[in-house]
Structure formats: structure tokens, C-alpha cells
A.B. asks: 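The structure that follows is given in the form of C-alpha cells.
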Amino acid sequence: MKETQTMETSKTDTAQTERICGSEAIIKCLIAEGVDILYGYPGGAIMPVYDELYKYRDEIHHVLTRHEQGAAHAAQGFARISGRVGVAMATSGPGATNLITGIADAQIDSTPLVCITGQVPSHLLGTDAFQETDIIGISTPVTKWNHQVTKASEIPEVIAKAFYIARTGRPGPVLIDITKDAQFEELDFKYEKCTGVRSYIPTPTTNLESVKAAADLINAAKKPMIVWGQGVILGEAEAELKAVIEKAGIPAAWTIMGASAIPTSHPLNIGMVGMHGNYAPNRLTNECDVLIAIGMRFDDRVTGDLNTYAKQAKVIHFEIDPAEVNKNVHADVAVLGNSKDSLSQLLPLLNENTHSEWLQEFKDLYAIEFEKVIKSDLHPTKEGLTMGEVLKEINIQSKGDAAIVSDVGQHQMIACRYSEFNKTKSNITSGGLGTMGFALPAAIGAKMAAPEREVVAIIGDGGYQMNIQELGTIFQQKVPVKIVVLNNEFLGMVRQWQQLFFDKRYASTEMTNPDFVTIAKGYHIEGKRVVKREELADAIKEMIASKDSYFLEVCVEKEDNVFPMIPAGASVSDIRLS
């Protein structure tokens, strides 16, 4: 439907009213929220919106992914590297349900998404009409908020609310389901951004007494230790965290979602905690006297056996989401609020310190890990290539400035352990849900959001084939992402568990793979296969230097394992080096 000639609106002037259809209202709402890239896949129930989107293609660039799950993951990659809300769109029925994995991933990893789905006309709701699913019921457990629109007049307010909820406080995904008749129906359109929702308090007020209590514990500590998570990145508190650890001289470790908030090379950065984290921070978690958790949720992969986790320590928990406090680990002091604000209030209350003897304990344990694990990962003497040496060469060629988008499995843990990060928002991976197939579409979104950055996807041969069709999106959109498949011809992480805990019964984990380079070339993506160590450096140099997308397959040792490792359910003190 055409706009009226007398009532023009723009991104900045949203107070005037115009008579338009619901579909056009959706597009205008997105433009008002600053959306310029949209990932999606059309279909019958969302077709009216796509028809209107055609008119606005100079203002919103629609990216046709090859699968709706790819659209959700691409929107995640966009959001993770940019800090903006990612947007994905799909039709009803299977289109909507195909978004669910990405939505669930975004929920557990606190990624701001707005997903819009079409729905059958409202008079057919509940009749099992063609391509009808109850996407509101399906998505309720994995969204921060969802809503079904059946009247065009609801659209502006609901979309404004969706963006506000998705981006504020602890971010997360929101789903809006819009019936087809609401898309056709007319409304008097005007758009006002949402600035608050009754009963929703996105950021709790920080209690100054709690901050002082935290400072007192830290100042009195002999062996303090920080574990930070993604809350630091989401709260844009990187500078504040760095100032805190430097003033108080506190060794600081990170979860995989917190990686890159502080440069890898920082002398107080003691590495990664968790099942495949570094030896020192895992072991010394059970020896510190004050454990300061900042923007992390004490996931089971970090804590191991909760009955033995940091029982000797006073625990301070800086957290924006009150539901996370005391959920898994009891906090002696809880400091609620945005990490940037709370750390800013903490900083002037801290005494200057060095804790040099305590820091030396971490260095001593790192030396043990280096000799028993890291040396053979990065400087192997065996004939076959290791995943670690591939990451080492990528660090050299990218100078630690690349954004690494990893999939899920052994390669993910190697990428997190050995990537060098100089910039924040450089580690993009599926953390809480562990979604294979994440990396390829997420790398597309990341590169489109930050075209000035080098984006390298690190993927296993198993996860790669879960969304390999998104090579078509890369080709059509001309997205210059670099794709590295570490091919061990196994579902590597599952195989490692089968080796260690199931007497080497490799049930359904060995893979017979296709010619990946030929497939890439079928999508007009330049590619190369590396099987020998002497080929590796030149191949990665060529990949990084390319101005276009590039595919690199590196054939690595089939039965290498990732160590250190904390067996499932074991104490962090029981971390194994072999």
C-alpha cells in the first residue's frame, strides 16, 4: 500500500502519523531502530513484509541465508561483534521452528536478538492450518520475551518494546510472531522508541555498602583471584576491569565467553578456567582466599563439582541479573548492577597491591602445563599437524587482531586456549548451548557488522557440514570471511570422551568426508588443502592476505586430545594434564 502524500516520516521524526499497512509499519519500525542489515528467509506467512521490504532495499540490506538457523546465527555474530541488536526474520511453521536453535543459543549466551516470524491469519489460529505452529509456546522457554501480534495497531509498540528488552540489562533474544492479516491491515502509524517497561528493571541499582564490603574483602585478601565472564564485554567494562586488576594486583582468569576483554598478553591475565582451561587458574581456584566473579554465572563447565568448588574462599559476585546470584555458588557479597558502574565504584576503594608471591604460584603451574601440554600443542615433534600450531600460525599472520569465530568441539577449546586477542569482542563462539553449525553463519554476521576487521572462522569437519550451505550466502553476498576447517575425520570431542571414558569404543564418530576444497570452489570461493607442516605458513599467509573469502582445510592428527581436562563432575583440583 502506498504512503499518503502529505504525511512523510523519517528515522528521526517519528511523531507524525501516516496511514500504512502493518507490513510497511514493520519495516519502518526496524529503520527507526537503526536496523540496516536483516537476515532471513521468505515464505508465505511473511511474504507481505518481504514485499514491503523490496521498496526499502536501499535502507535495509536483507541477507538471504540458506537456512533459517543460519539467519539466527548470522544475527548472533552481527550482535556479538558490534554490540547492536541482531535481527532475523522467517515465515511460519518450519521457518519459525528453524530459528529456535539460534534463539536458544542467544538466550543462554545473552545475545540481543529480535526475531520476527510470520503466522497464519488470526482466524486460523489453533486450526492446524498449513504451516501453523505455536511458535509462542515453543519459544517461551528460550526467549527473554515473546509476543504474538494479531492487530496492525499493535505493531509499533510491540517492536519498540522488543528492541528495548533485547538490548537492556542482561541482553537476550525476543521473538515477535505476526499474523498475516495483521500484516495486511492498515493502521495510523507513528513510532516512539521504548524507554521503559512497567515491572521490568533491566539494571538493578548498585548498593554502595555491597561495593564497600567487596573492597574490604579484597583489601584484606592474601590470595585473591578474579574470574570474569561475558558480562564485562556486554557492560563495556573492559577498561574498568583492567584498572581494578592492575591497581590491586589480582591474577585474573576468564570464561570462554569473557575471552578478549583484556589482551591475552596482559601480565595479570592468567588464562582460561573451565573443563579445558588452563592448569593454574583451575587448580588455584581451590586455594584462593577471595574469589571475585565478575559478569559470569558459575556454569557447570567452569565449576566442576560444586561440592568442592572454592569452599575455602570468600566469594564476591558482581552480576547484573539477580537470578544468577546464589543460583549455583553462594556469594558472601553480591554486588548487583552493570559491571562498568560497579567496578568504577569499586576502584577508588581498593588498596594498591602486587600479590607477587601469589602470582608466582600461577606462573609455576603454567610452567608445568607448558612442558606437559602447550609445548607439544604449539611446537610438535610428531609428523602430523596439530590444531594448536594452526592457531599459532594464524596469530602470527593476523598479529592477534583477528576476530576468531569458532564452532563447537576440540577445535573450539584449542581456539579459545591459543588465540591471541588484542581487541575486545574478538572471541565469538557458542558457549552455553554448544551449538555445532554456529561458526560459519556467525562469521558472516560478524564480518558484515565489522567489515574493517579480519574475521576467521575455526570449524571442525563435523560442525562445518551442519551449515555448509551458508557458503551460498558468502558467495551471493560477497562476504570476505576466512574459513579454516581443522579436519581430523572424527567428531573429535565425542571421540576423546569415548577414548578416555568408554574404552575407545568409537561409536558413530568417525567421518568419511567429501572434498571440501572442491565444494568451496563450487561456490566460487578460493580454497586450499594443507596436509604437511611445511605448507602451513604459506597457506595461512595467502588466506589472510586475500581480499575475498577463502577456504582452508588443514588435515590434523586424527586422535589428538585436548588437555588439560577436568572430567565431567570432577573437582577443578582434579584437572588432568594427560
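If you read the sequence from its start, that first residue is 1, and numbering goes on from there. Owing to the predicted nature of the structure, the values given are computational and were not obtained by experimental measurement.
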A.B. asks: I'd like to know if the side chain of Thr473 pairs up with that of Tyr39 as donor and acceptor (distance under 3.5 Å, no hydrogens or angles considered).
C.D. replies: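 No, no side-chain donor-acceptor pair sits under 3.5 Å.
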
A.B. asks: What's the spacing between Glu24 CD and Ile27 CD1 if we round to 0.5 Å?
C.D. replies: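 With rounding to 0.5 Å, CD (Glu24) is 8.5 Å from CD1 (Ile27).
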
A.B. asks: How about Gln498 and Thr509: does a side-chain donor come under 3.5 Å of a side-chain acceptor?
C.D. replies: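 There is such a pair between these side chains.
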
A.B. asks: Check whether any side-chain N or O of Thr386 sits under 3.5 Å from a backbone N or O of Asp377 as a donor-acceptor pair, and report yes or no.
C.D. replies: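 Here the side-chain-to-backbone pair exists.
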
A.B. asks: State the NE2-CG distance between His67 and Leu99, to the nearest 0.5 angstrom.
C.D. replies: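 The CG atom of Leu99 is 9.5 Å from NE2 of His67, to the nearest 0.5 Å.
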
A.B. asks: Measuring from atom CZ of Arg453 to atom NZ of Lys447, what distance do you get when rounded to the nearest 0.5 angstrom?
C.D. replies: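 Arg453 CZ to Lys447 NZ: 9.5 Å, rounded to 0.5 Å.
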
A.B. asks: Any luck finding a side-chain donor-acceptor pair between Ser430 and Asp109 under 3.5 Å?
C.D. replies: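 Asp109 and Ser430 do not have a side-chain donor-acceptor pair below 3.5 Å.
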
A.B. asks: Quick check for you: to the nearest 0.5 Å, what is the distance between Leu440 atom CG and Arg66 atom CZ?
C.D. replies: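 The distance works out to 11.5 Å.
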
A.B. asks: Would the number of heavy atoms belonging to other residues, nucleotides or ligands and lying under 6.0 Å from CZ of Phe130 be above 12?
C.D. replies: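 No, not enclosed.
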
A.B. asks: What pair of heavy atoms forms the shortest contact from Glu470 to Pro441, and how long is it?
C.D. replies: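 Glu470 and Pro441 have their closest heavy atoms at CG-CB, 4.2 Å.
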
A.B. asks: In this structure, is the centre-to-centre distance between the rings of Tyr506 and Phe490 below 6.0 Å?
C.D. replies: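 Close enough - the centres of the two rings lie under 6.0 Å apart.
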
A.B. asks: Can Glu389 and Arg533 be counted as an ion pair, charged N to O under 4.0 angstrom?
C.D. replies: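 Yes, Glu389 and Arg533 are salt-bridged.
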
A.B. asks: Below 4.0 angstrom, N of the basic side chain to O of the carboxylate: do Arg84 and Asp36 qualify?
C.D. replies: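 Yes.
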
A.B. asks: Do you know which two heavy atoms are closest between Ile233 and Glu238, and how far apart they sit?
C.D. replies: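 What the structure gives for the nearest pair is CA-OE2, 3.7 Å.
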
A.B. asks: Under a plain distance cut-off of 3.5 Å, with no hydrogens placed, do Ser398 and Glu454 share a side-chain donor-acceptor pair?
C.D. replies: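 Absent: no donor and acceptor within the cut-off.
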
A.B. asks: Checking side chain to side chain donor-acceptor pair (under 3.5 Å) against Ser110, which of Arg170, Arg297, Arg80, Lys144 comes through?
C.D. replies: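 Exactly one option meets the side chain to side chain donor-acceptor pair (under 3.5 Å) with Ser110, and it is Arg170.
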
A.B. asks: Nearest heavy-atom pair of Tyr164 and Cys194: which atoms, and what distance?
C.D. replies: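 It is CD1-O, 3.4 Å.
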
A.B. asks: Do the side-chain N and O atoms of Asn561 and Glu559 include a donor-acceptor pair separated by under 3.5 angstrom?
C.D. replies: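 Distance-only check fails for Asn561 and Glu559.
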
A.B. asks: Hey, does Met413 have a side-chain heavy atom less than 4.5 Å from the side chain of Gln410?
C.D. replies: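 They are not in side-chain contact.
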
A.B. asks: Just by distance, with hydrogens left out, do Gln412 and His276 show a side-chain donor and acceptor under 3.5 Å apart?
C.D. replies: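 Not at all, the side chains of Gln412 and His276 share no donor-acceptor pair under 3.5 Å.
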
A.B. asks: Do Lys558 and Glu510 meet the salt-bridge criterion of a basic N to acidic O distance under 4.0 Å?
C.D. replies: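 Salt bridge between Glu510 and Lys558, a charged N being under 4.0 Å from a carboxylate O: yes.
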
A.B. asks: Report, as yes or no, whether the 6.0 Å neighbourhood of atom NZ on Lys541 holds more than 12 heavy atoms from other residues, nucleotides or ligands.
C.D. replies: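 Open: at most 12 neighbouring heavy atoms sit under 6.0 Å from NZ of Lys541.
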
A.B. asks: Evaluate the criterion ring-ring contact (aromatic ring centres under 6.0 Å, His included) for residue pair Tyr464 and Phe516; output intermediate values, then yes/no.
C.D. replies: CA-CA 10 Å; Tyr464 182 56; Phe516 289 129; 5.5 Å; yes

A.B. asks: How close do Glu236 and Lys340 get, heavy atom to heavy atom, and via which atoms?
C.D. replies: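 What the structure gives for the nearest pair is O-NZ, 3.1 Å.
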
A.B. asks: Please walk me through it: do Glu33 and Arg167 pass salt bridge (Lys or Arg N to Asp or Glu O under 4.0 Å)?
C.D. replies: CA-CA 11 Å; Glu33 288 291 346; Arg167 69 163 64 97; 3.1 Å; yes

A.B. asks: Using every non-hydrogen atom in the two residues, find where Glu52 and Cys21 come nearest and quote the distance to one decimal.
C.D. replies: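 Answer, listing the atom of Glu52 first, then Cys21: OE2-SG, 3.6 Å.
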
